[in-house]
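These notes concern the structure reproduced below.
Ligands are counted one by one from 1 in listed order, and the atoms in each one are counted from 1 as well.
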Amino acid sequence: MDSIQKNLKRIKNEVGDNVLVVAVSKTKSINLIKKAYETGHRDFGENKIQEMTSKFNDLPKDINWHMIGHIQTNKVKYLAPYVSLIHSLDSLKLAKEINKQAIKNNRIIECLIQYRISNEETKFGLNQNEVMDIINLQDNFGGLRITGLMGMASFVDDQNVIDKEFKKLKTLFDKIKLSNKKFKIISMGMTLDYNLAIKNGSNMIRIGSKIFGERDV
Ligand SMILES: *Cc1c(COP(=O)(O)O)cnc(C)c1O
């Protein structure tokens, strides 16, 4: 078996059926994605709309495409016809545009709100009040279904810092879930921290390098 296929199977066995593995294929070629696809895997994540759309066009149509990167409002129209789950809803303006494009395409687009759990300045995401603002306005967006939260922990070695950040996301998730029956997805955990994420309640992990190997860009 090919190494991508081995890596993917090993991770899926390790995390079990209750955690969905999104194979993050950004920068990786169509042929490498096909290797993973051949194992029966159908969930792939990309962080650039143009790249994802060209891969969508070139690959089988039963793939579930996950948008995990920051989205520019003027590009929503390109992914609206086919995207399976947006992990990176990070502004009211973006929610409005996704809603508009979803309705145009006769779809309801499933989204996670990106919650900023790290103190690192470069990370996108909303603070707790901003997350709640979108939650409280969601009934105005018939084209959107908000089903959970996504977060990225700080890029540090200190496991205690990462653990605290994941707990912060889980706490807000549990709070929102009390009055939102649709809330079910906790997208947290990447190659270096997915074990800790799952310990803290994650049920969706986004794994790139551990499946496809290091990225050179
Ligand atoms: C690239 C990326 C990942 C995957 O990162 P790895 O460390 O390679 O597993 C996960 N989430 C987001 C938002 C990413 O941009």
Side-chain angles (χ1 to χ4, degrees), residues 3-15 19-29 32-33 35-36 39 41-53 55 63-72 75-76 79 83-91 94 98 110-126 131 147-159 161-163 165-166 168-170 173 185-217:
S3 69
I4 288 174
Q5 298 180 334
K6 274 190 207 148
N7 296 341
L8 181 55
K9 288 201 166 175
R10 195 177 301 130
I11 293 169
K12 286 169 85 168
N13 275 331
E14 181 191 344
V15 303
V19 177
L20 183 85
V21 177
V22 175
V24 176
S25 49
K26 61 190 185 196
T27 78
K28 301 296 175 179
S29 72
L32 298 183
I33 298 174
K35 299 267 188 225
T39 67
H41 195 76
R42 293 294 178 268
D43 288 275
F44 292 89
E46 293 281 337
N47 68 341
K48 295 203 171 89
I49 293 180
Q50 210 172 349
E51 182 176 345
M52 184 166 85
T53 302
K55 287 171 175 174
I63 288 179
N64 304 317
W65 289 103
H66 295 247
M67 175 40 63
I68 62 173
H70 180 65
I71 299 174
Q72 283 173 276
K75 291 188 179 155
V76 173
L79 57 70
V83 70
S84 174
L85 179 65
I86 291 175
H87 294 232
S88 42
L89 175 56
D90 62 1
S91 73
L94 181 60
I98 296 170
E110 193 175 341
C111 297
L112 311 178
I113 301 176
Q114 185 169 351
Y115 180 29
R116 193 172 54 239
I117 50 176
S118 155
N119 293 323
E120 290 172 350
E121 283 200 357
T122 54
K123 296 271 158 67
F124 290 103
L126 300 178
V131 170
T147 57
L149 298 178
M150 183 272 256
M152 285 169 87
S154 296
F155 194 65
V156 293
D157 290 327
D158 189 343
Q159 297 296 298
V161 170
I162 300 171
D163 188 60
E165 293 175 348
F166 286 151
K168 182 173 164 183
L169 190 143
K170 178 64 162 56
F173 175 88
I185 299 176
I186 301 179
S187 169
M188 59 183 192
M190 309 171 33
T191 291
L192 292 177
D193 57 20
Y194 70 91
N195 284 310
L196 197 49
I198 292 169
K199 274 196 198 115
N200 280 296
S202 168
N203 56 19
M204 194 174 283
I205 58 176
R206 309 175 310 272
I207 308 292
S209 7
K210 198 164 178 168
I211 296 170
F212 293 104
E214 298 292 324
R215 288 177 297 272
D216 12 84
V217 276

NZ (Lys28) with more than 12 external heavy atoms under 6.0 Å
yes
To the nearest 0.5 Å, atom CG of Leu169 lies from atom CE of Met152 at 12.5 Å
The closest protein heavy-atom partner of atom 5 (O) of ligand 1 is Met190 CE, 3.5 Å
In this structure, atom 8 (O) of ligand 1 is nearest to the protein heavy atom Ser209 OG, 2.5 Å
**OP:** Tell me, please: is His87 in heavy-atom contact with ligand 1, that is, under 4.0 Å?
**Re:** no
shortest atom 13 (C) of ligand 1-to-protein heavy-atom contact is with Ile68 O, 3.5 Å
side-chain hydrogen bond (donor to acceptor under 3.5 Å, both in side chains) with His87: of Gln114, Arg206, His66, only one passes, and it is His66
Taking every heavy atom of Asp90 against every heavy atom of Leu126, the minimum-distance pair comes out as O-CD2, 3.0 Å
Q) Are Ile198 and Ile205 close enough that some pair of their side-chain heavy atoms sits under 4.5 Å apart? A) yes
Numbered in order shown, the ligand 1 atoms found under 4.0 Å of a heavy atom of Met152 are 13 (C)
*With a 4.0 Å cut-off on heavy atoms, does Lys210 reach ligand 1?*
no
Q) Lys26 to ligand 1: N or O pair under 3.5 Å? A) yes
Taking only non-hydrogen atoms of Gly208 and a 4.0 Å limit, the atoms of ligand 1 in range are 4 (C), 6 (P), 8 (O), 9 (O)
Exceeds 12 heavy-atom contacts within 6.0 angstrom, atom CG of Asp157: no
**Arg10 with Glu14: basic N within carboxylate O range, under 4.0 Å** = no
Atom 9 (O) of ligand 1 has as its nearest protein heavy atom Thr191 OG1, 2.5 Å
Among non-hydrogen protein atoms, atom 11 (N) of ligand 1 lies closest to Arg206 NE, 2.9 Å
